[in-house]
Amino acid sequence: MREISFDRKSIRTRLITAFVVTSFLPIALVNMVSYYNTSRLVRQNVEGMTNANLGQTKVSLDVWLDSYEDILFQVYTDDEIVELVDKINAGKDVANNRKQLRKTLRGLFYTKDYVKSISVITESGELVFYDQLTASTTRTSWMDSLSMSQEELYRAISSDNKTHLIPTGNEVVFGSNSCYLFHIGHRIIDYRDVDKQCGVVLVSIDEALLEEICSATENGLNFIVDSEGNLVSCAGSERIGQPVHRKDAGEAEKRNAYRQAAAETGLLGETALSIYSVHDEETGWDIIRATNQEELIQALQ
């Protein structure tokens, strides 16, 4: 009878291989599937929270701007202001009426934080204002920062009965003080003759209000871009009032531009920046959120 010989080493190798295949490989596969499922769920949650953040920012922006429109309303419907503007337009004692109108504007000035100037442009071309940044009575701090002239500004605002939003212009510098301003404007209405052109009023607001509304966080940055592609507000940016992208840019070009603008602030890392945005119909502005997901990805891995 022949004796059957066994290779013990070969059997041991086969057993170990079988054990690895039947034990470790399923565990590895389960872990990989679990990782991808967890990664997908986390990303979905992050996206949901980001969209909720943008939605809340949009609501806050609209509420705050509505509250500042109250000042605008007080000016363009005030009978005393209408009477003073009519006298100035008629050329009656212009110097004294300008002085009285400026005093009236000053009385409304401190009803809201972040207001830097309240100005009235009359139909006759007179500019009367109270400006916190300058003691001048003949030159505002902000007019030169806009891309349009006083006449163009007047025509744009007096053309209808809507509230006009003028986005942030160039930096306003007076002595050691500097800021960026955006403006809301409306034509002055005399309810005894609503079609009569009297003048327009503008309220100039510190861009710091928008930064506070956007409120940058440790791993996210919110900023605002207008319909022309110009940067309206962004914490840590030196490009406020300047173009971020072309007016007719496509979605891919916009996202790349937003990613670059966020990276330039230095508040977020330059890698793994994800871009989300929402359009605000009331202002015509886009609110963008850039998030750095690098730490999240590393933690998942």
Side-chain angles (χ1 to χ4, degrees), residues 46-76 111-118 142 145-146 156-157 162-172 179-186 201-245 247 249 251 254-255 257-259 261-262 265 267-268 273-291:
V46 169
E47 184 172 346
M49 289 187 292
T50 300
N51 288 330
N53 177 280
L54 283 173
Q56 182 58 50
T57 302
K58 176 180 176 297
V59 170
S60 296
L61 175 64
D62 293 341
V63 169
W64 275 105
L65 290 183
D66 285 345
S67 73
Y68 276 82
E69 282 189 38
D70 289 343
I71 302 177
L72 201 63
F73 179 79
Q74 290 179 56
V75 177
Y76 74 74
T111 57
K112 286 283 185 183
D113 294 332
Y114 298 108
V115 173
K116 295 299 181 183
S117 179
I118 302 178
W142 53 268
S145 69
L146 298 182
I157 297 174
K162 298 178 181 178
T163 296
H164 291 254
L165 183 60
I166 296 94
T168 313
N170 296 328
E171 186 176 24
V172 174
C179 64
Y180 294 93
L181 300 175
F182 69 99
H183 319 270
I184 52 176
H186 200 288
V201 56
L202 291 101
V203 176
S204 305
I205 307 167
D206 195 333
E207 177 267 341
L209 170 67
L210 301 179
E211 282 196 28
E212 184 174 311
I213 293 171
C214 289
S215 60
T217 58
E218 183 178 351
N219 64 343
L221 172 67
N222 290 359
F223 55 97
I224 299 173
V225 175
D226 69 16
S227 58
E228 300 292 321
N230 299 318
L231 189 62
V232 175
S233 177
C234 181
S237 178
E238 297 179 353
R239 296 175 61 185
I240 295 175
Q242 300 178 19
V244 174
H245 61 73
K247 181 180 180 179
E251 288 302 316
K254 286 182 180 181
R255 287 185 176 276
Y258 296 155
R259 191 173 288 111
T265 66
L267 298 176
L268 303 173
L273 290 180
S274 298
I275 300 297
Y276 303 84
S277 65
V278 64
H279 183 70
D280 183 10
E281 294 290 344
E282 187 168 326
T283 61
W285 293 345
D286 287 332
I287 305 171
I288 299 95
R289 181 166 178 81
T291 61

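Quick note: numbers below take in every heavy atom, side chains included, and nothing from hydrogens, waters or symmetry partners.
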Q: Return the minimal non-hydrogen interatomic distance between Leu267 and Ala235, and the atom names on each side.
A: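 Leu267 and Ala235 have their closest heavy atoms at CD1-O, 3.5 Å.
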Q: Are side-chain heavy atoms of Trp142 and Ser117 found at a separation under 4.5 Å?
A: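 Counting from C-beta outward, Trp142 and Ser117 do come under 4.5 Å.
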Q: Any side-chain to backbone donor/acceptor pair from Thr265 onto Ala262? Under 3.5 Å, distance only.
A: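 Yes; judged by distance alone, with no hydrogens or angles, the pair exists.
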Q: Under 4.5 Å between any side-chain heavy atoms of Gln242 and Leu231, yes or no?
A: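 When only atoms from C-beta onward are counted, Leu231 and Gln242 do not touch, as no gap falls below 4.5 Å.
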Q: Identify the heavy atoms of Ile288 and Leu54 that sit nearest to each other, and give their distance.
A: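 Closest approach of Ile288 to Leu54: C-CD2, 4.0 Å.
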Q: Kindly indicate, with the supporting measurements, whether the criterion side chain to side chain contact (heavy atoms under 4.5 Å, CB included) is fulfilled by Trp285 and Val225.
A: CA-CA 6 Å; Trp285 293 345; Val225 175; over 6 Å; no
Q: Begin from the C-alpha positions of His245 and Tyr258 and carry the test ring-ring contact (aromatic ring centres under 6.0 Å, His included) through to its verdict.
A: CA-CA 8 Å; His245 61 73; Tyr258 296 155; 5.5 Å; yes
Q: Please examine the side chains of Asp66 and Glu282, heavy atoms only from C-beta on, and report whether any two atoms are closer than 4.5 Å.
A: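 Of all side-chain heavy-atom pairs linking Asp66 with Glu282, at least one is under 4.5 Å.
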Q: Tell me, do Ile118 and Leu202 make a side-chain contact under 4.5 Å, heavy atoms counted?
A: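 SC-SC contact between Ile118 and Leu202 ruled out.
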Q: What pair of heavy atoms forms the shortest contact from Gly185 to Ile157, and how long is it?
A: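 Shortest heavy-atom contact: C-CG2, 3.8 Å.
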Q: How close do Val244 and Ala261 get, counting heavy atoms only, and between which atoms?
A: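 Distance-wise, the nearest heavy atoms are CG1-CB, 4.4 Å.
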Q: Roughly how far apart are Thr163 OG1 and Glu69 CD, rounded to 0.5 Å?
A: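 Taking OG1 in Thr163 and CD in Glu69, the distance rounds to 4.0 Å.
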Q: Could you tell me if the side chain of Leu65 sits less than 4.5 Å from the side chain of Phe182, heavy atoms only?
A: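 They are in side-chain contact.
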Q: Under 4.5 Å between any side-chain heavy atoms of Tyr276 and Asn53, yes or no?
A: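 Answer no - side chains too far apart.
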Q: If you round to the nearest 0.5 Å, how far is CG of Leu209 from OG of Ser67?
A: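 The distance works out to 7.5 Å.
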Q: So, taking the atom named CG in Asn222 and the one named CG in Leu61, what distance separates them when rounded to the nearest 0.5 Å?
A: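 One finds 11.0 Å between CG of Asn222 and CG of Leu61.
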Q: Angle class for the Tyr68/Trp64 ring planes (parallel below 30°, perpendicular above 60°, tilted otherwise)?
A: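 Correct class here is tilted.
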Q: In sequence, state the C-alpha distance, the side-chain angles, and the governing distance for Leu181 and Ile205, and then conclude on side chain to side chain contact (heavy atoms under 4.5 Å, CB included).
A: CA-CA 5 Å; Leu181 300 175; Ile205 307 167; over 6 Å; no
Q: Mark yes or no for whether Arg289, through its side chain, and Thr50, through its backbone, hold a donor-acceptor pair below 3.5 Å.
A: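 Answer holds: no.
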Q: Just by distance, no angles: are the side chains of Ser277 and Asp286 close enough, under 3.5 Å, to form a donor-acceptor pair?
A: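 The answer is no; no qualifying pair exists.
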Q: Rounded to the nearest 0.5 Å, what separates atom CD1 in Ile240 from atom OH in Tyr180?
A: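 Reported value, rounded in 0.5 Å steps: 5.5 Å.
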Q: Side chain of Arg259, backbone of Leu273: donor and acceptor closer than 3.5 Å?
A: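 Yes, the answer is positive, given that a donor and an acceptor are paired below the 3.5 Å cut-off.
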Q: What residues form a side-chain hydrogen bond (donor to acceptor under 3.5 Å, both in side chains) with Thr111, not counting sequence neighbours?
A: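 Thr111: no side-chain hydrogen bond (donor to acceptor under 3.5 Å, both in side chains) contacts found.
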Q: Could you tell me the separation between the CG atom of Leu221 and the CD1 atom of Ile275, rounded to the nearest 0.5 Å?
A: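 Result: 8.5 Å between the selected atoms.
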Q: Please tell me if the side chains of Leu146 and Ile166 come closer than 4.5 Å, counting only heavy atoms from C-beta onward.
A: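 With C-beta onward as the side chain, the pair touches.
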Q: Can a donor-acceptor pair be found, under 3.5 Å and without considering hydrogens, that links the side chain of Asp226 to the backbone of Asn230?
A: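 Yes; at least one donor-acceptor contact below 3.5 Å.
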Q: So, taking the atom named CG in Asn51 and the one named NZ in Lys58, what distance separates them when rounded to the nearest 0.5 Å?
A: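 Taking CG in Asn51 and NZ in Lys58, the distance rounds to 13.0 Å.
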Q: Between Glu207 and Tyr114, is there a side-chain donor-acceptor contact under 3.5 Å, judged purely by atom types and distance?
A: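 Side-chain D/A pair, Tyr114 to Glu207: absent.
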Q: Side chains of Ser233 and Thr168, heavy atoms from C-beta outward: is any pair under 4.5 Å?
A: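 No - every pair of side-chain heavy atoms lies 4.5 Å or more apart.
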